[in-house]
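Everything on this sheet refers to the single structure shown next.
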Amino acid sequence: EKLLVKCSPMYDHEMGAKELGNITDVYIISYKGEVKEMLLCCDFSIAGGEDFNIHCTELDKQSEMSVSFRHADHDIPDIAQHVSGYFYESSAGIIKVRKHHHYASINGLAMIDKSVPFYCSEEFKTNFMGRCFRIVHNMPFQSRACIDYLAENKIKKANIKARGLKFNTAEAYKKLGLKEGGEDYLFIFPYKGKSFMTHCRYQAFTPLM
C-alpha cells in the first residue's frame, strides 16, 4: 500500500503528484548547494489529496539543516525598500520545490524581485537554510560603471550569479571581464524594473556591529 519512488533530481515533484497521486511526503536532499536526491512517498491506503508534506534537507561535511512545508504554503514577502544589510540566497532544495518565497517570508526577509530567489534583511539570520552575505556595495548594472567600480576596488575575479535578466552568468563574466573565484560575490538581478548589481562578501557567523 506504500510506495517510495527515487526520482531524478531534475524531476518536478508537482508532476509526480499528478502522475502518481496519493503522495503524502516529498523529500529533497541537497549536498553543498546542489540537489542530489528526490524521494516521493505514496500511501494508497488513504484518499489522495492535492496537499502533502515537503521536507528539504541541506548537507555538507560539517552540518545538516532541514525544514518542512506543506505544498499549499505560498506566502510572499514584501519587496525590499532598499537592498542593504545582509543578502540571502535560498537553499537549492527549497528553490527546487518553489518554496523560496514562502521560506523567506517566515524568516522575515524582504524580497528583491519575484523572479529571483534573492532576499535581504538588516538582521543576520544565523539559522537560514541557504547562503548569507554581507552587502558591501549596490549599484545599477551598467557595464562601464561596474567595470570602473571593480577596477577601483582591485577586483579581478569574483563569483558571479546573474538571474532574472536577458543575459546569463557566463555572459556577465564577459561583460565585466572577470575570472571566476576569489572572496567577492556579485549578484546581478532585476530590482524595481531595472538591472542591479550587489557586491557581497560571504558571511559566516559574525553579524555586522
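Scope of the values below: all heavy atoms of this structure, side chains included, with no hydrogens, waters or symmetry mates.
- Other residues, nucleotides and ligands contribute more than 12 heavy atoms inside 6.0 Å of the NZ atom of Lys192.
- Minimum heavy-atom separation, Val116 to Pro190: CG1-CD, 4.0 Å.
- Residues Glu180 and Lys157 are not paired through a salt bridge, judged by the lack of any N-O separation under 4.0 Å between the basic side chain and the carboxylate.
- Nearest heavy atom pair, residue Ile160 against residue Ala172, reads CG2-CB, 3.9 Å.
- Shortest non-hydrogen contact noted between Tyr173 and Asn159 is OH-CA, 3.6 Å.
- Between the side chains of Tyr11 and Glu19, at least one donor-acceptor pair of N or O atoms lies under 3.5 Å.
- A continuous path of ILVMFWY side-chain contacts below 4.5 Å connects Ile28 to Met15, so both sit in one hydrophobic cluster.
- Under the 3.5 Å distance criterion, the side-chain polar atoms of Asp51 are matched with a main-chain donor or acceptor of Ala72.
- Between the side chains of Asn138 and Thr198, at least one donor N or O sits under 3.5 Å from an acceptor N or O.
- A ring-centre distance under 6.0 Å is not found for Phe52 and Phe69.
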Test side chain to side chain contact (heavy atoms under 4.5 Å, CB included) on Cys132 and Phe124; report intermediate values, then the result. CA-CA 8 Å; Cys132 177; Phe124 178 59; 3.5 Å; yes
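- Rounding to the nearest 0.5 angstrom, the gap separating the CD atom in Glu37 from the OH atom in Tyr31 is 13.5 Å.
- Remark: the backbone N or O of Ala80 is paired with a side-chain donor or acceptor of Tyr191 at under 3.5 angstrom.
- In this structure, Met129 is a member of the same hydrophobic cluster as Met111, with clusters built from ILVMFWY side-chain heavy atoms closer than 4.5 Å.
- Nearest heavy-atom pair, Ala162 versus Thr169, reported as atom, atom and distance to 0.1 Å: N-OG1, 3.1 Å.
- Cation-pi geometry between Lys175 and Phe167 is met: the NZ or CZ atom falls under 6.0 Å from the ring centre, inside 45° of the normal.
- A donor-acceptor contact shorter than 3.5 Å is absent between the side chain of Asp43 and the backbone of Ile23.
- We find that Glu34 and Lys36 are joined by a salt bridge, their nearest charged nitrogen and carboxylate oxygen being less than 4.0 Å apart.
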Full working for side-chain hydrogen bond (donor to acceptor under 3.5 Å, both in side chains) between Glu64 and Thr57: CA-CA 7 Å; Glu64 173 182 333; Thr57 298; 5.0 Å; no
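- Looking at heavy atoms from C-beta onward, Met38 lies out of side-chain contact with Ser8 at the 4.5 angstrom threshold.
- For Phe128 and Tyr103, the ring centers are positioned less than 6.0 Å apart.
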Steps toward side chain to side chain contact (heavy atoms under 4.5 Å, CB included) verdict (Phe189, Asp113): CA-CA 8 Å; Phe189 47 82; Asp113 187 87; 5.9 Å; no
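- Linking Ile, Leu, Val, Met, Phe, Trp and Tyr whenever their side-chain heavy atoms come within less than 4.5 Å puts Leu165 and Leu178 in one cluster.
- Side-chain atoms of Tyr185 do not come within 3.5 Å of backbone N or O of Tyr202 as any donor-acceptor pair.
- At distances below 3.5 Å, at least one donor-acceptor pair connects side-chain atoms of Lys96 with backbone N or O atoms of Met10.
- Residues His55 and Ser68 share a closest heavy-atom pair of ND1-OG, 2.8 Å.
- Ring centers of Tyr149 and His199: under 6.0 Å apart, within the cut-off.
- In this structure a side-chain-to-backbone donor-acceptor pair under 3.5 Å is missing from Lys18 to His13.
- To the nearest 0.5 Å, atom OG of residue Ser143 and atom CE of residue Met197 are 10.0 Å apart.
- Atom CD of Glu122 sits about 3.5 Å away from atom OG of Ser84, to the nearest 0.5 Å.
- Counting all heavy atoms, side chain and backbone alike, Cys120 lies closest to Tyr88 at CA-CD1, 4.2 Å.
- Proximity of a side-chain donor or acceptor of Asn107 to a complementary backbone N or O of Ala104 within less than 3.5 Å is not detected.
- Here the side chain of Lys2 pairs no donor or acceptor atom with the backbone of Phe44 at under 3.5 angstrom.
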Go through it in stages, so that I can follow the logic: the residues are Leu176 and Leu150, the test is side chain to side chain contact (heavy atoms under 4.5 Å, CB included), and I'd like the CA-CA distance, side-chain angles, deciding distance and then a yes or no. CA-CA 9 Å; Leu176 297 176; Leu150 296 171; 4.1 Å; yes
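- With Phe187 as the fixed residue, the ring-ring contact (aromatic ring centres under 6.0 Å, His included) test singles out one of Phe196, Phe118, Phe141: Phe118.
- For the salt bridge (Lys or Arg N to Asp or Glu O under 4.0 Å) test with Asp184, the passing option among Lys154, Arg201, Lys156 is Arg201; the others fail.
- A salt bridge links Arg98 to Glu14: one of the charged nitrogens lies within less than 4.0 Å of a carboxylate oxygen.
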Where do Leu40 and Leu4 land on the side chain to side chain contact (heavy atoms under 4.5 Å, CB included) test, with the steps shown first? CA-CA 6 Å; Leu40 306 181; Leu4 184 63; over 6 Å; no
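- For the atom pair OH of Tyr119 and NE2 of His101, the computed distance is 4.5 Å after rounding to the nearest 0.5 Å.
- Taking CD1 from Ile54 and NE2 from His102, the interatomic distance works out to 10.0 Å, rounded to the nearest 0.5 Å.
- Side-chain N/O atoms of Glu89 and His100 include no donor and acceptor closer than 3.5 Å.
- Each of Tyr27 and Val97 belongs to its own hydrophobic cluster when Ile, Leu, Val, Met, Phe, Trp and Tyr are linked at side-chain heavy-atom distances under 4.5 angstrom.
- Remark: side-chain polar atoms of Asn168 are paired, donor with acceptor, to backbone N or O of Ala170 under 3.5 angstrom.
- Heavy-atom contacts from other residues, nucleotides or ligands closer than 6.0 Å to CG of Asn127 number more than 12.
- Leu109 places none of its side-chain heavy atoms less than 4.5 Å from the side chain of Pro77.
- Under a hydrophobic clustering in which Ile, Leu, Val, Met, Phe, Trp and Tyr are joined whenever their side-chain heavy atoms come within less than 4.5 Å, directly or via other members, Val26 and Leu59 fall into different clusters.
- With values rounded to the nearest 0.5 angstrom, Ile95 atom CD1 is found 7.0 Å from Ser91 atom OG.
- Around the CD atom of Glu171, the shell of radius 6.0 Å holds more than 12 heavy atoms that belong to other residues, nucleotides or ligands.
- In this structure, the side chain of Asn22 does not engage the main chain of Cys42 through any donor-acceptor pair within 3.5 Å.
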